[in-house]
Amino acid sequence: MVKSTRHAKYELYYHIVFIPKYREPRLTGATKERLKTIFAEICDDKDLELVEVEIMPNHVHLFVGSPPRNEPSLLVNWLKGISAQYYNQRYDDRIKWTRSYYVGTAGSVSKDAVEQYIREQHNA
């Protein structure tokens, strides 16, 4: 769905994946549910759209919509940094994320469709 700011129309979605320190398979049960709540809270606070969240025992998948003013690396820093901070303040078992992550973009059309559209503009 296309969204708007004062000066832009956009449809930006990011697939973000990251893992806990030492890739420990500990993101289960109550930890998993607590993290889902925390990620939703962060997205609400930062004006992000949390489209989908899947927490596996040893990694996290997030699908997040964001205005163009937010860089993908900033989104990752918010989601990892704030989630660890909130979790560690609220619960006795600690969460630490590795420094690494994956981020990919997604939208309503494929890369091939955009390439074809741009090529066809010359003939229009």
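Because only heavy atoms are used, hydrogens play no part in the values below, and waters and symmetry mates are left out as well, while side chains stay in.
Put simply, CG on Leu12 and OG1 on Thr105 are 8.5 Å apart, with the number rounded to the nearest 0.5 Å. To the nearest 0.5 Å, atom CZ of residue Arg69 and atom NE2 of residue His7 are 11.5 Å apart. In this structure, Glu49 CD and Asp44 CG are separated by 11.0 Å, a value rounded to the nearest 0.5 Å. With rounding to the nearest 0.5 Å, the separation of OH in Tyr87 from CG in Leu35 is 6.0 Å. Interatomic distance, NZ of Lys36 versus CG of Leu27, reported as 11.5 Å (0.5 Å rounding).
Counting heavy-atom neighbours within 6.0 Å of Arg90 CZ, excluding the residue itself, gives a total above 12. Annotation: Glu71, atom CD; neighbour count of heavy atoms from other residues, nucleotides and ligands within 6.0 Å does not exceed 12. Around the CD atom of Glu52, the shell of radius 6.0 Å holds no more than 12 heavy atoms that belong to other residues, nucleotides or ligands.
Using a 4.5 Å heavy-atom threshold, the side chains of Leu50 and Leu62 count as touching. Between Phe39 and Ile55 there is a side-chain heavy-atom pair separated by less than 4.5 Å.
In this view, Tyr102 and His15 satisfy the ring pair (Phe, Tyr, Trp, His ring centres under 6.0 Å) rule, not counting sequence neighbours. Annotation: side-chain hydrogen bond (donor to acceptor under 3.5 Å, both in side chains) contacts of Arg94 (sequence neighbours excluded): none. Every residue meeting the side chain to side chain contact (heavy atoms under 4.5 Å, CB included) condition with Thr28, not counting sequence neighbours, appears here in chain and number order: Pro57. Remark: Ser83 pairs with Trp97 by the side-chain hydrogen bond (donor to acceptor under 3.5 Å, both in side chains) rule, at least two apart or across chains. Under the ring pair (Phe, Tyr, Trp, His ring centres under 6.0 Å) criterion, Tyr86 pairs with no residue, sequence neighbours left out. For Asn70, the side chain to side chain contact (heavy atoms under 4.5 Å, CB included) partners two or more places apart in sequence, or in a different chain, are Leu48, Ser66, Pro67, Leu74, Leu75, Trp78.
Between His61 and His59, the ring planes lie perpendicular to each other; the angle is over 60°, past the 30° to 60° tilted range.
Taking both residues in full, the closest heavy atoms of Phe63 and Ala106 are given as CE1-CB, 3.8 Å, listed atom of the first, atom of the second, then distance. For the pair Val103 and Pro72, the tightest heavy-atom approach, listed with the atom from each and the gap, is CG2-CB, 4.1 Å. The two residues Pro25 and Asn58 come nearest to each other via the heavy atoms CA-CB, 4.0 Å. In terms of heavy-atom proximity, Ser73 sits nearest to Tyr101 at CB-OH, 3.7 Å.
Under the 3.5 Å distance criterion, with hydrogens and angles disregarded, no donor-acceptor pair is assigned to the side chains of Lys21 and Thr98. Between the side chains of Thr31 and Tyr91, not a single donor N or O lies within less than 3.5 Å of an accepting N or O.
Both Ile82 and Val53 belong to a common hydrophobic cluster when Ile, Leu, Val, Met, Phe, Trp and Tyr are linked at side-chain heavy-atom distances under 4.5 angstrom.
At distances below 3.5 Å, not a single donor-acceptor pair connects side-chain atoms of Lys96 with backbone N or O atoms of Tyr22.
For Asp47 and Lys3, the salt-bridge test fails: no basic side-chain N is under 4.0 Å from an acidic carboxylate O.
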